[in-house]
Amino acid sequence: MIKNPASLSQSRMAVASTQLHGAAAVARRYGAFRVPTSCRLPHHSLASSTKLSISATGVGGKAFGFGAKIATKCANENTEAQELNLISNQAGELVAAVEDVTPQKRSAKIHDFCFGIPFGGLLFSMGLLGYFFSRSTVSLVLGVAPGLATLFLGILSLKFWRSGRSSFLFILGQAAISGVLAWKYSHAYLLTNRILPWGFYASLSTAMACFYAYVLLAGGNPPPKKLAPAPLS
């Protein structure tokens with residue numbers, strides 16, 4: 001008996017489908033479709049340490065979990081540095097304000113050596129000329145010697161003032177010499193009644209004695225001015 005070709009093909013398809021289902025079941029049972037270990041990607045411990053964060057700006061990952069800590073530490077250090085700079089600036093302003101408020105030391109308006117050195121030079125030169133022309137020892141005693149001493153003390157006072165040290169003793173010495181000369185010249189003028197040279201010397205010595213007294217009573221020479229800082233190149 002010859003079967004219908006259509007029914008024969010349907011029966012073959014059913015048999016093939018049954019065989020395929022059976023093979024799939026056997027493969028699932030025995031793991032025929034498992035990926036071999038050699039073909040799998042290696043698992044690394046760092047792969048689990050990456051955290052995924054979703055924000056309004058997008059998706060981002062935080063690697064190793066300490067990036068945020070480093071950023072926070074840097075921000076704290078910057079804040080501390082800014083605070084220290086602010087404190088130092090405030091301290092500098094406070095020191096400047098205190099220096100401005102601190103009263104300045106009393107001093108004279110002019111230095112002793114501004115008039116002392118010319119006065120000593122004048123006495124020395126005039127006494128030397130008087131000795132050459134008159135051969136008088138009075139010119140040496142009342143002209144050359146006190147003039148040389150006043151000139152020497154004035155130069156020392158200038159050097160001490162430049163170095164920032166006190167020149168009180170030198171001013172006092174010049175004042176003493178001027179006072180002695182004022183008394184000697186006045187006495188000589190009263191005896192001789194001669195304006196030149198005794199009257200002139202008496203007036204000049206008295207004026208210098210008053211000038212030295214003013215410098216001493218005013219507090220001494222004014223302090224040297226601070227040098228301005230040189231501009232940075």
Side-chain angles (χ1 to χ4, degrees), residues 92-231:
E93 293 177 357
L94 181 61
V95 171
V98 170
E99 290 180 353
D100 293 338
V101 174
T102 302
Q104 298 291 334
K105 183 180 177 181
R106 292 177 63 252
S107 60
K109 298 297 183 180
I110 191 170
H111 308 87
D112 69 288
F113 49 80
C114 291
F115 290 152
I117 293 177
F119 175 63
L122 177 64
L123 289 178
F124 175 76
S125 59
M126 295 301 292
L128 195 61
L129 290 175
Y131 177 75
F132 284 156
F133 286 105
S134 63
R135 298 294 177 176
S136 174
T137 56
V138 177
S139 299
L140 295 178
V141 175
L142 297 180
V144 175
L148 188 61
T150 304
L151 184 62
F152 179 70
L153 291 175
I155 293 174
L156 286 179
S157 177
L158 174 60
K159 289 184 177 180
F160 272 64
W161 174 80
R162 284 179 176 176
S163 62
R165 292 178 290 177
S166 175
S167 55
F168 177 81
L169 293 178
F170 306 114
I171 302 173
L172 187 62
Q174 294 175 82
I177 294 174
S178 298
V180 172
L181 289 178
W183 177 70
K184 287 290 185 180
Y185 289 144
S186 299
H187 182 69
Y189 172 72
L190 293 176
L191 291 178
T192 60
N193 202 19
R194 295 175 59 180
I195 297 178
L196 291 176
W198 308 123
F200 172 75
Y201 284 151
S203 302
L204 184 60
S205 299
T206 303
M208 289 301 299
C210 294
F211 168 70
Y212 288 126
Y214 156 72
V215 175
L216 291 173
L217 294 176
N221 291 323
K225 295 181 180 180
K226 294 181 179 179
L227 297 178

Undergrad: Side-chain contact test, heavy atoms from C-beta onward, threshold under 4.5 Å: evaluate it for Phe124 versus Leu148 and give yes or no.
TA: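 Yes - at least one pair of side-chain heavy atoms lies under 4.5 Å apart.
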Undergrad: Measure from NZ or CZ of Arg162 to the centre of the six-membered ring of Phe160 and say whether it is under 6.0 Å with the direction within 45° of the ring axis.
TA: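 No, Arg162 and Phe160 do not form such a contact.
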Undergrad: Could you measure the distance from the CG atom of Leu123 to the CZ atom of Phe119? Nearest 0.5 Å is fine.
TA: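 That separation rounds to 4.0 Å.
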Undergrad: Nearest 0.5 Å, please: how far is CG in Leu153 from CG in Leu158?
TA: 12.5 Å
Undergrad: Is the backbone N or O of Leu156 less than 3.5 Å from a side-chain atom of Trp161, with the two atoms forming a donor-acceptor pair by type?
TA: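 Side chain of Trp161 to backbone of Leu156, a donor-acceptor pair under 3.5 Å: no, none is there.
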Undergrad: Within the 4.5 Å heavy-atom criterion, are Phe132 and Ser139 side-chain neighbours or not?
TA: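 No, side chains not in contact.
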Undergrad: Evaluate the side-chain proximity of Tyr185 to Pro197: yes if any heavy-atom separation is below 4.5 Å, no if none is.
TA: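 They are not in contact (no side-chain heavy atoms under 4.5 Å apart), so the answer is no.
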Undergrad: Enter the distance from Gln174:CD to Leu169:CG here, rounded to the nearest 0.5 Å.
TA: 11.5 Å
Undergrad: Minimum heavy-atom separation for Gly116 to Tyr212, with atom names?
TA: CA-OH, 3.0 Å
Undergrad: Should the heavy atoms of other residues, nucleotides or ligands under 6.0 Å from CD1 of Ile195 be counted, would the total exceed 12?
TA: no
Undergrad: For a quick test of reading the model, state the closest non-hydrogen atom pair linking Phe211 to His111 and the distance between them.
TA: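 That would be CZ-O, 3.4 Å.
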Undergrad: Shortest non-hydrogen contact from Tyr214 to Lys109?
TA: OH-N, 3.1 Å
Undergrad: A side-chain contact here means heavy atoms from C-beta on lying under 4.5 Å apart; do Phe170 and Asp112 qualify?
TA: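 In short, these two side chains do not touch, never coming nearer than 4.5 Å.
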Undergrad: How many angstroms lie between atom CZ of Phe152 and atom OG of Ser157, to the nearest 0.5 angstrom?
TA: 12.0 Å
Undergrad: Please tell me whether Ser107 and Asn221 have a donor and an acceptor in their side chains that are separated by less than 3.5 angstrom.
TA: no
Undergrad: Locate the shortest heavy-atom distance separating Tyr189 from Arg194; write the atom from each residue and the value.
TA: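 Closest approach of Tyr189 to Arg194, heavy atoms only: CD1-O, 3.0 Å.
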Undergrad: Measure the spacing between CG of Leu151 and CG of Leu122 and express it to the nearest 0.5 Å.
TA: 11.0 Å
Undergrad: Would you mind reporting whether Thr192 and Trp198 have side-chain heavy atoms less than 4.5 Å apart?
TA: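 The answer is yes; the side chains approach within 4.5 Å.
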Undergrad: Nearest 0.5 angstrom please: Met126 CE to Leu204 CG, how far?
TA: 10.5 Å
Undergrad: Taking all non-hydrogen atoms of both residues, which atom of Ile171 and which atom of Leu216 are closest, and how far apart?
TA: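 Looking at all heavy atoms of both residues, the shortest contact is CG2-CD2, 3.5 Å.
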Undergrad: Short question: side chain of Thr206, backbone of Ala202 - any donor-acceptor pair under 3.5 Å?
TA: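 The answer is yes, because a donor-acceptor pair under 3.5 Å joins these two groups.
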Undergrad: Considering non-hydrogen atoms only, spot the tightest contact between Ile177 and Thr150 and give its length.
TA: CG2-OG1, 3.5 Å
